[in-house]
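Working notes, beginning with the structure itself.
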Amino acid sequence: MTARAIPDGADPAAPALSVRNLSVRFRMRGGAHVAAVTDASFDLAAGECLALVGESGCGKSVLASALLGLLPANAGLDGAALLDDGTDLLTAGERSLARTIRGRRIGLVPQSPAAHLTPVRTVHSQLAETVRELTPVPRKRTGLATRAAAERAAFPADHLDRYPHELSGGLAQRAATALALVGDAPLLLADEPTTGLDRALVERTADELRRTVDEGRALLMITHDLAAAARIADRVAVMYAGRIVELADATRFFGEPGPRHPYARGLLDALPERSFRPIPGMPPELGDLPAGCAFAPRCERADALCGTQPRFDGRTACHHAPAEDPSRA
Amino acid sequence: MLELSNITAGYERGKPVLRDVSLAVARGEAVGLLGPSGCGKSTLARVAALLHRPDAGTVVLDGTTVHDYRHRAPRALRTTVGVVFQSPRQSADPRLRLRDLIAEPLKATGRRIEIRERVDELAHAVGLGGDLLTRGAHEVSDGQLQRACLARALVLRPRLLICDEMTAMLDASTTAALVAAVEAYRRETKASLLAVGHDQVLLDRWCDRTVSWAAPSAA
Amino acid sequence: MADIRSIRAVRPVRDIRPNRSTRTLRVGASAAVMAAVVLAVLLVPPLVQLDEQAVDLARKLQPPSWQHPFGTDDVGRDLLLRCVYGLRVSLLVGVVAALAATLIGTAVGAIAGAFGGWTDRVLMRLVDTFSSVPHLLLGIFVVAMFRPGVWPVVVSVALTHWLSTARIVRSEILSLRSRPYIDAAISGGASRRRVAVRHLLPGVLPQAALAAVLMVPHAMWHESALSFLGLGLPAHQASLGNLVQSARGSLLAGDWWPTLFPGLLLIVPTLAIAGLAGAWRDRLAPRRRSELML
């Protein structure tokens with residue numbers, strides 16, 4: 001891990017991102033509320049990758065959008081999301097988000113890179129524009145800096161003059177990653193970076209993201225692809241019905257003793273390399289959540305206790321989580 | 001059940017996306033077709049579903065040599081094959097409620113009497129319950145919509161099911177649930193399956209044999 | 001612990017769209033104007049038992065007053081009343097002609113898009129041919145073949161305005177035709193006709209309806225232009241174009257009101273319709289869950 005410049009005013013011990021009790025509500029027509037994210041808390045340190053996993057509609061993309069200030073107008077926020085210098089992403093105005101945070105403090109690795117790139121301009125011109133915008137490099141040396149930025153994401157220099165549609169899926173992903181890395185942001189946010197890619201490309205993308213983490217960045221990766229998460233993450237957060245129900249080390253989560261929360265166990269068991277057995281039923285509607293544990297209706301261990309909301313103890317939110325083995329805790 | 005011989009197909013003249021590909025699926029067999037994205041396996045799936053006319057090669061479906069494609073293909077032959085595509089958003093008519101989406105093939109083939117019974121039965125089989133059937137496509141999640149698309153593909157009791165990257169956008173649990181629904185249908189009807197995908201682990205687990213795109217003519 | 005029921009007052013998120021209140025104001029004003037216009041042309045003629053043709057030479061060319069809010073014309077007819085009658089005729093011609101043009105355009109565009117091949121080529125060349133003739137010239141040619149009256153004007157407008165709708169509908173159908181849901185319908189045994197009627201056409205109807213609404217002002221202006229040239233409605237019949245045309249002389253004499261008010265009645269509804277259509281277009285994009293990111 002290389003040493004990285006820490007912005008002024010930053011507490012070196014502070015995590016790169018600290019999310020505290022984040023809740024997002026959408027007001028719907030007719031006065032109804034949709035609880036897209038409820039009470040999410042986690043820390044993310046420099047040089048660490050946290051994978052936020054869950055099925056589509058569990059609220060993980062909403063969480064990402066909240067961090068970037070990209071929620072629609074009918075959303076309401078609560079809680080805090082602090083960067084290492086104490087900036088709260090949720091209260092920062094659109095102006096400071098655009099000028100000092102997006103691209104500079106948080107880099108976004110998009111879901112569909114081909115759609116993220118402007119189709120009528122070459123990779124070089126887009127990268128150069130971002131370099132001019134985000135770095136103090138003098139105009140004369142922009143070309144050099146652009147090539148360096150491409151190199152950082154392993155984008156081949158001889159492809160810089162191509163248009164996005166002339167790139168393969170893998171190269172388009174690298175181009176988008178290169179754009180995200182230009183501002184040298186200490187925190188990267190990847191929203192489903194591997195969706196729609198084939199297995200070989202998923203692995204390559206994951207490895208490249210892992211490399212940027214090993215250089216000292218913090219990466220929050222949002223995905224439903226457990227295999228990609230297993231390949232890259234240091235820690236795994238599982239989201240269900242808008243709540244984080246499990247937060248565990250990746251080695252523990254994917255290996256022994258496995259996840260603590262029955263939903264996370266079910267998700268892993270559904271993988272074709274494991275028992276390939278689906279979790280019965282479907283996730284609840286975020287606009288119509290049950291009073292107690294949202295997973296209880298699908299859970300074989302559910303009992304009367306599950307009628308009340310389990311508290312998230314920093315590891316899991318389940319009344320029936322197995323007792324911790326002190327040697328592993 | 002399905003024999004594709006020396007298929008060459010593409011969308012622009014002189015630029016085939018696949019060349020001289022052969023593949024056979026026996027009656028009751030489940031074949032996985034594995035390949036990287038953009039290799040033309042989806043085009044092959046569309047040829048097999050009689051949705052795209054190949055530039056060269058022959059397609060024999062259920063003992064009948066196919067001469068016409070899309071609307072020109074005889075309706076009975078067309079409906080022998082059920083298809084499920086990768087993106088449920090793109091493959092569902094956005095104006096239909098899920099119930100109408102599933103019932104659409106029955107209406108199109110003049111079998112309205114069966115709607116009530118078949119739709120409820122299939123909704124149960126793919127795990128769509130509650131008021132979901134009365135919702136529009138934009139009011140359900142990707143996973144729920146894909147369940148409805150699978151139900152639509154099964155509603156005419158096809159003897160061959162083609163799943164083109166059916167689960168690529170879905171989470172592990174929904175993937176397992178959809179595959180289980182397909183397998184339950186196949187156990188009941190002895191239907192054949194052509195599953196196209198890029199996840200070797202999934203296809204190996206799901207299918208009787210998996211053909212890799214690098215050597216599909218060997219099949 | 002933030003429970004759903006006990007959630008504290010959550011902070012509203014910045015609205016990055018253009019100012020919400022001006023947008024609401026614009027839509028509200030447009031709706032109010034259109035409601036007033038429609039009510040006026042529907043209710044005034046039957047309720048107010050006045051003769052818009054009543055000549056009163058003693059009161060000719062009077063400027064606006066309480067008795068005649070829009071003033072009177074060169075033979076002493078009340079201009080407010082004549083403007084309402086004129087607006088009624090212009091609106092009627094506009095709506096009927098826009099509907100007819102939309103029907104023709106949608107049919108041609110849908111057939112061209114759904115069948116493709118030669119049908120498409122022949123129909124679209126036909127559209128190109130029509131487009132290459134200036135609208136007004138073609139319109140004049142059509143009305144010149146008939147006696148002056150409402151229907152020749154409607155036909156003239158319809159024949160010159162269906163082209164853009166045909167293009168919109170065709171391109172929309174072409175883009176829908178390549179969607180996997182059309183493949184799924186074909187595989188489900190749907191006939192060519194069923195695909196066109198049940199899956200393609202409903203997808204383009206909102207676009208076509210929007211085009212029709214936006215076409216109403218076009219048609220009104222076309223009618224006014226024809227009437228202004230003396231080729232539209234018979235001169236004695238009040239239409240906005242006729243009113244402006246017959247008042248040309250008095251404008252030179254410094255009497256501004258006989259041209260101003262009919263002109264305003266042409267411009268204001270045009271803006272109101274554009275305002276409403278704009279709001280409608282914003283809502284047309286189907287609200288998907290993905291836009292809520294759920």
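Residue numbering restarts at 1 for every chain, and letters A, B, ... go by the order of the sequence lines. Keep in mind that what you see is a predicted model, and the values were worked out from it rather than measured.
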Contact class of C:R194 relative to chain B, heavy atoms under 4.5 angstrom
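Answer is side chain: those atoms of C:R194 sit under 4.5 Å from chain B.
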
Would you mind checking which part of C:L176 comes under 4.5 Å of any heavy atom in chain B, side chain (CB onward), backbone (N, CA, C, O), both or neither?
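For C:L176, no heavy atom lies under 4.5 Å from chain B.
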
Side-chain H-bond candidate by donor/acceptor type, [X] with [Y], under 3.5 Å:
X: C:W221; Y: C:T270; answer: yes
X: B:E29; Y: B:S192; answer: no
X: C:R167; Y: C:S131; answer: yes

Would you say the ring centroid of C:H161 lies under 6.0 angstrom from that of C:H222?
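Ring-ring flag for C:H161/C:H222: true, centres closer than 6.0 Å.
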
Given heavy-atom pairs under 4.5 angstrom as the criterion, report whether the side chain, backbone, both or neither of B:R95 touches chain C.
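It is the side chain, since no backbone atom gets that close.
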
Using non-hydrogen atoms only, which part of B:L156 is less than 4.5 Å away from chain C: side chain, backbone, both, or neither?
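For B:L156, the contact with chain C is made by the side chain alone.
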
Winner by heavy-atom pair count (cut-off under 4.5 Å) against chain C, out of B:A153, B:P105, B:G136
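The answer is B:P105.
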
Look at atom CZ of B:R72 and say whether more than 12 heavy atoms of other residues, nucleotides or ligands are closer to it than 6.0 Å.
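Atom CZ in B:R72 is not packed in, count stays at 12 or less.
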
